[in-house]
Amino acid sequence: MSRAHTKVVAKQNRYAARSRARNTDLIVPEAFVRGIRHLGYQTNVEALAELVDNSIQAYAESIDIVFSFQDADGERKPSQIAIIDDGHGMDPAMMRIALLWGGTHRENDRDGLGRFGYGLPCAAVSIGRRFTIYSKTKGHRLHAVKLDVDAIVSGNAISSRKIAIPAAQPAILPPFLRRAIRQAHPTGWRAGTIIVIDYLDRLDWSTTSGLKRNLIRRFGVTYHKLLSATRLTIDGTAVRPIDPLFLNPDAELFDLDEDRAIALDPVSFKLHTPEGRIGEVVLRYAWIPPSFAATDKSRDAVGMNANARFPIIKQYHGVLFSRNGRLLAVQPRTPWTIFMNNDRYIRVEVEFSAALDEAFGVTTSKQQVSITPEMWDHLRVAGLNKAIEHLRTKVREAKSERLAQEPLAAPPSTRITPRTGISRTAGIPRGITPAHALDILLDEIDCRSSASTPAVRAAYRSLLNGWLERMGSLASTSAQSRT
């Protein structure tokens with residue numbers, strides 16, 4: 001075990017020893033357990049990111065998110081989701097503490113991605129009604145501890161309105177985890193932690209492919225600066241970094257075609273906090289040409305002419321805020337301006353160190369920032385507002401130059417669908433396969449769904465479920481006709 005790993009495990013043991021002196025009962029009414037499931041993660045992606053954060057901070061070199069299927073409908077939705085890492089792991093005493101809301105040896109730690117102690121239990125129960133922690137440190141055997149929401153809220157685990165935290169027990173991994181471990185760690189899994197979530201009653205996507213596709217894309221952006229040190233896979237597919245500023249030549253989509261993002265010089269400054277900490281802020285800027293997200297460069301990136309970059313510039317539209325190298329939030333509004341549709345072509349990132357969490361208003365779920373007026377003043381003094389206007393000018397000039405060079409084009413042919421009366425451009429552009437066209441359509445649906453209200457997301461899920469049922473019926477009819 002490395003010196004860093006040994007140091008962390010020793011810190012865990014000291015923390016667990018102090019916790020034994022306190023009552024190890026989790027004092028929580030049933031309403032709290034029900035309510036905590038509604039903490040407010042925007043989607044399952046943000047919840048699972050909490051668990052990935054923990055693995056990265058545990059010095060994991062490999063993180064695998066694995067789906068398990070236990071019924072005939074397995075191709076549609078997983079029955080279990082597991083997050084497997086090869087970090088330093090936890091001793092049994094610390095595993096018990098990890099079930100507590102707020103139970104962490106990283107309290108107020110500003111060096112990594114987590115410091116609140118709410119991520120593991122909150123994220124897990126926001127997706128499913130039960131989760132199990134398996135963990136071991138190097139040279140020790142595997143233990144497991146489980147939390148079952150149904151048992152808590154039904155009163156089976158309640159005594160005098162207190163819930164006893166179970167002690168971790170020696171364990172053996174279930175078959176699907178053993179298979180996943182063999183595949184991901186063929187030379188052996190010596191230490192690490194596995195979180196298994198089941199009774200999955202809060203999955204946002206109606207299909208496994210939709211969940212996987214969104215995790216790969218969103219995690220590619222969220223962790224694009226950290227993936228060089230940590231291998232991350234989703235259901236066997238490696239997550240590749242996607243730089244939302246499109247400046248990293250080693251990231252996906254950088255060389256999709258000949259178009260490139262144009263960077264401005266970054267700006268950095270340091271601030272002293274009232275608590276005596278020193279934090280750093282780095283401002284990064286880029287603008288992209290109007291044809292950047294288009295397949296046919298002579299036309300705008302609209303509908304079927306949008307390439308694989310388009311969902312990124314559309315979803316990450318505004319000022320990007322990153323903390324310790326991990327993307328936290330996107331703000332389409334500042335005290336001076338609001339980002340409009342044309343502003344998709346300007347890329348702005350504010351990266352800050354965790355020493356400045358209070359000034360940036362980082363929430364426990366790490367999904368948003370609530371920036372203080374004083375910090376906005378610091379950003380203005382550093383030139384953020386002027387840089388945004390400069391980027392807008394660059395984009396306007398590029399658009400004007402492009403329009404001046406374009407010949408007048410005939411309007412596209414259209415057809416009217418008899419059922420809806422919606423006008424659509426006829427045909428698929430040359431070079432785009434029907435499979436690619438379907439992927440673009442599904443990405444568009446996913447983007448709109450994830451940015452919508454729960455009611456709208458439910459409507460999208462209903463639409464996709466109906467589509468899947470209809471395709472299943474057509475497939476069955478086709479198979480019968482062949483026989």
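Start at 1 with the first residue, then count along the sequence.
Inspection of the Asp85 and Thr193 side chains reveals no N or O donor paired with an N or O acceptor under 3.5 Å. A donor-acceptor contact under 3.5 angstrom links the side chains of Thr43 and Glu46, judged on distance only.
We find that Glu351 and Lys225 are joined by a salt bridge, their nearest charged nitrogen and carboxylate oxygen being less than 4.0 Å apart. A salt bridge links Arg392 to Glu389: one of the charged nitrogens lies within less than 4.0 Å of a carboxylate oxygen.
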**Q.** Derivation of the side chain to side chain contact (heavy atoms under 4.5 Å, CB included) call for Val319 and Leu379
**A.** CA-CA 12 Å; Val319 180; Leu379 296 174; over 6 Å; no
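Screening residues 239-254 for side-chain hydrogen bond (donor to acceptor under 3.5 Å, both in side chains), with sequence neighbours left out, gives Arg240-Glu252. Among residue pairs with one or both ends in residues 235-274, those qualifying as ring pair (Phe, Tyr, Trp, His ring centres under 6.0 Å) are Phe246-Phe292; sequence neighbours excluded.
Annotation for Glu397: atom CD counts as buried by contact number, over 12 foreign heavy atoms lying within 6.0 Å. In the displayed structure, Glu258 atom CD is contacted under 6.0 Å by at most 12 heavy atoms of other residues, nucleotides or ligands. In the displayed structure, Tyr59 atom OH is contacted under 6.0 Å by at most 12 heavy atoms of other residues, nucleotides or ligands.
A heavy-atom distance below 4.5 Å is found between the side chains of Phe360 and Val281. Contact check for Asp255 versus Arg260: side-chain heavy atoms found under the 4.5 Å cut-off. Residues Leu256 and Arg309 form a side-chain contact, since some pair of their non-hydrogen atoms from C-beta on lies under 4.5 Å apart. Contact check for Val149 versus Tyr199: no side-chain heavy atoms found under the 4.5 Å cut-off.
Looking at residues two or more places apart in sequence or on another chain, you find a side-chain contact (heavy atoms from CB on, under 4.5 Å) between Asp296 and Ser298, Arg299, Asn305. Residues satisfying the side-chain hydrogen bond (donor to acceptor under 3.5 Å, both in side chains) criterion with Arg344, sequence neighbours excluded, are absent altogether. Residues forming a side-chain hydrogen bond (donor to acceptor under 3.5 Å, both in side chains) with Ser291 (at least two apart in sequence, or on another chain): Asp259. Under the side-chain contact (heavy atoms from CB on, under 4.5 Å) criterion, Lys399 pairs with Pro290, Asn342, Tyr345, Val395, not counting sequence neighbours.
In this pair, Trp376 and Phe321 present their aromatic rings perpendicular. The plane angle is above 60°, beyond the 30 to 60° band.
Contact record, Leu200 with Pro78: CD1-O, 3.4 Å, taken as the closest heavy-atom pair. Closest of all the heavy-atom pairs between Ala98 and Ile133 is CB-CD1, 4.2 Å.
At least one donor-acceptor pair closer than 3.5 Å links the side chain of Asn307 to the backbone N or O of Ala294.
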